[in-house]
Protein chains: 2
Amino acid sequence: MDLRHLRYFVAVAEEENIGRAASRLHISQPPLTRQIQQLEEELGVTLFTRTPRGMTLTQAGELFLDEARNIRALVEQATERTQRAGQGKLGRIDVAIFGSAILDAIPKLLLAFRNRHPDVKVVLHTMTKAEQIEALRQRRISVGFNRMLAPLEDLETRQVTTEKLLLAVRADHPLARLESIPFAELQHHPLVLFPTGARPSFIDKVIGLCSERGFQPKISQEVGDAVTGVALVAGGFGVCLVPESATTLQFPGVVYAPLSDTPPNFHVDLSCLYRKGDASPILAAFLQTVAEYGKS
Amino acid sequence: MDLRHLRYFVAVAEEENIGRAASRLHISQPPLTRQIQQLEEELGVTLFTRTPRGMTLTQAGELFLDEARNIRALVEQATERTQRAGQGKLGRIDVAIFGSAILDAIPKLLLAFRNRHPDVKVVLHTMTKAEQIEALRQRRISVGFNRMLAPLEDLETRQVTTEKLLLAVRADHPLARLESIPFAELQHHPLVLFPTGARPSFIDKVIGLCSERGFQPKISQEVGDAVTGVALVAGGFGVCLVPESATTLQFPGVVYAPLSDTPPNFHVDLSCLYRKGDASPILAAFLQTVAEYGKS
DNA sequence: TCATTCAATACCCACAGAGTATGATAAGAC
DNA sequence: GTCTTATCATACTCTGTGGGTATTGAATGA
């Protein structure tokens with residue numbers, strides 16, 4: 001039995017006339033007769049009673065008509081859904097983020113993707129950089145967001161945004177009174193750094209900027225994420241360089257001040273990471289949104 | 001797209017290897033490759049990622065696998081149900097009965113049929129003989145039960161049972177004292193007759209039996225059915241000839257007495273009536289049960 | 001570096017589905 | 001009653017496609 005048999009059967013059942021059904025199906029009458037006979041023979045059931053006025057369904061035929069319509073509808077639905085899945089419009093994507101990445105770009109980006117692909121379920125996982133890389137290789141996630149990504153053999157990176165850096169200081173700190181803080185000032189104040197864990201990280205970026213200017217920062221404390229870092233600034237542990245997006249994090253008694261006289265490349269990138277050669281259409285759609293987001 | 005495509009696709013998806021899937025399907029590898037390619041092309045969707053180790057489903061492929069399995073299960077179920085319908089094991093049959101036919105044979109027969117064909121819904125309609133004939137011609141029913149059926153052009157009859165006749169008399173009636181009542185006694189007592197309506201009927205049977213013996217019965221009253229007839233006997237309207245099965249109808253103050261010295265053919269048939277050339281397998285199964293019931 | 005193991009391609013054959021022409025049958029028209 | 005017309009079924013031919021064999025291409029692992 002074939003889907004063709006079902007299509008033909010439904011046509012004949014609806015027209016109650018082989019000739020009309022044949023022309024509706026754009027074939028001639030004899031092959032249609034044969035197909036119906038074949039179907040009946042294969043089922044071992046008489047589906048129609050033949051009269052000189054046409055064909056009428058038997059009771060078994062009525063039942064089979066219902067079933068045939070169901071099957072055809074299901075087939076249509078299956079192709080439609082599969083095609084949507086193939087276009088990245090239906091399905092699921094697992095995305096890794098890191099602690100403070102949720103502060104700015106990521107939520108906007110996810111919102112944009114959700115609006116464009118409402119039937120794609122986005123599952124978020126909070127992971128460190130090392131965890132993201134492993135999860136990508138094990139195919140537990142399709143894309144991860146992070147900073148300071150070094151090139152890798154099997155993983156591709158793409159820059160999402162770039163942000164300049166600001167200094168988080170206590171409101172009652174002497175530096176807070178300045179309009180903008182000269183970068184060199186950093187050598188005189190203890191620094192809170194983040195994140196701990198996998199290198200290279202934002203920590204190395206800050207240390208690198210300092211050494212470009214010929215000094216080594218005084219490290220007051222290393223912490224896991226920007227939130228904790230700013231909290232320690234409030235607690236008097238020193239000052240802390242943060243990406244601009246972290247300023248959405250308003251903390252009582254802490255202000256974010258711009259710096260002047262900064263070294264070149266005084267900014268930090270947010271990138272995403274995915275498997276080389278991953279042909280998933282959902283990933284492609286996701287990266288498409290990422291790219292358009294980066295432009296704006 | 002074909003059911004074959006689905007069958008092949010499921011095999012490949014399950015084996016994750018075209019060669020193994022091909023041997024499972026008892027075909028060689030190249031045609032299977034081509035069928036899968038065809039399917040992908042028709043859907044416009046990549047269902048598998050090809051690796052040198054085999055084929056693994058894409059996300060869209062996973063979805064399509066679900067759908068394909070559903071469709072195949074539905075097809076299987078459809079053929080199975082249709083075949084059961086074609087064998088008269090599934091469906092519905094509309095059966096007409098007349099008033100007092102429900103007294104004996106019909107319920108037993110329906111019970112036997114129900115037991116043998118539990119998935120066939122039997123719908124009962126109470127109709128007079130004329131109504132049954134019209135309903136049969138209009139295909140509103142498939143079979144009717146009645147007595148005294150004359151041969152008809154387009155309808156077939158089949159005898160179900162034959163019953164002898166008994167006389168319903170009041171318990172305080174002089175005849176009730178006799179062991180058995182000589183038939184000729186009937187000419188001295190008023191008779192209650194049933195049913196009114198379409199001729200020939202049971203009434204004609206009784207009158208015929210009397211005239212065979214050379215007398216005309218005194219007709220006390222004509223009523224619609226046996227129940228009313230026996231009720232009038234209880235009320236003193238006279239005596240009433242009833243088929244044996246009516247004795248299940250116990251009425252206070254009425255007894256059923258056998259007759260002696262009866263004319264030949266002193267019994268009445270219960271027959272069923274159906275369309276000539278009706279090929280419905282459910283009717284065939286029903287008539288099969290009727291035939292076997294008649295034997296026992 | 002070579003053997004192994006996949007899928008993909010090239011090419012051929014046979015069968016089944018579609019076409020044309022015709023037959024069989026019953027219902028209406030006159 | 002006869003003829004026409006509608007229906008479905010059959011006979012026969014042809015072509016497209018599914019399936020077969022042989023081979024190539026690509027990647028992995030010994």
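Computed from a predicted structure; not experimentally measured. Keep in mind that the numbers below use all heavy atoms, side chains included, and drop hydrogens, waters and symmetry copies. So that the names make sense, note that chain A is the first sequence line, chain B the second, and so on, each numbered from 1.
In this structure, B:Ile27 atom CD1 and C:dA14 atom C1' are separated by 16 Å, rounded to whole Å. Atom pair A:Gln37:CD and C:dA16:P shows a separation of 15 Å (rounding to whole Å applied). Straight-line distance from the CD atom of B:Glu41 to the C1' atom of C:dA8: 14 Å, rounded to whole Å. Taking atom CD1 on B:Ile18 and atom P on D:dG19, their separation rounds to 13 Å, with Å as the unit. Taking atom CG of residue A:Leu32 and atom C1' of nucleotide C:dG17, one finds them 12 Å apart after rounding to whole Å. If you measure from atom CE of A:Met55 to atom P of D:dA6, you get 19 Å, rounded to the nearest angstrom. In this structure, the CG atom of B:Leu39 is 16 Å from the P atom of C:dA7, given to the nearest Å. Atom CZ of B:Arg20 and atom C1' of C:dA7 are 13 Å apart (whole Å).
For B:Arg4, the CZ atom counts as densely surrounded, since its 6.0 Å shell holds more than 12 non-hydrogen atoms of other residues, nucleotides or ligands.
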Its contact letters, B for base, S for sugar-phosphate only and - for none at protein heavy atoms under 4.0 Å, make nucleotides 11-18 of chain D read B------B
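In terms of heavy-atom proximity, B:Arg20 sits nearest to B:Glu15 at NH2-O, 2.8 Å.
Considering only side-chain N and O atoms, B:Arg50 lies under 4.0 angstrom from the phosphate OP1 or OP2 of C:dA8. Residue A:Gln29 places no side-chain N or O under 4.0 Å from the OP1 or OP2 atom of C:dA18. Within the structure, every side-chain polar atom (N or O) of A:Thr33 is placed at least 4.0 Å from both OP1 and OP2 of D:dC8.
Distance from the side chain of A:Asn17 is smallest to D:dT7 among C:dA27, D:dT7, D:dG19.
Between B:His117 and B:Phe113, the distance from one ring center to the other falls under 6.0 angstrom. For B:Phe64 and B:Phe48, the gap between ring centers reaches or exceeds 6.0 Å.
Donor-acceptor pairing under 3.5 Å is lacking for the side chains of B:Ser142 and B:Asp94. In summary, the side chains of B:Glu134 and B:Gln138 do present a donor paired with an acceptor at a separation below 3.5 Å, with no hydrogens or angles considered.
B:Gln83 places a side-chain N or O within donor-acceptor distance of the main-chain N or O of A:Leu43, the cut-off being under 3.5 Å.
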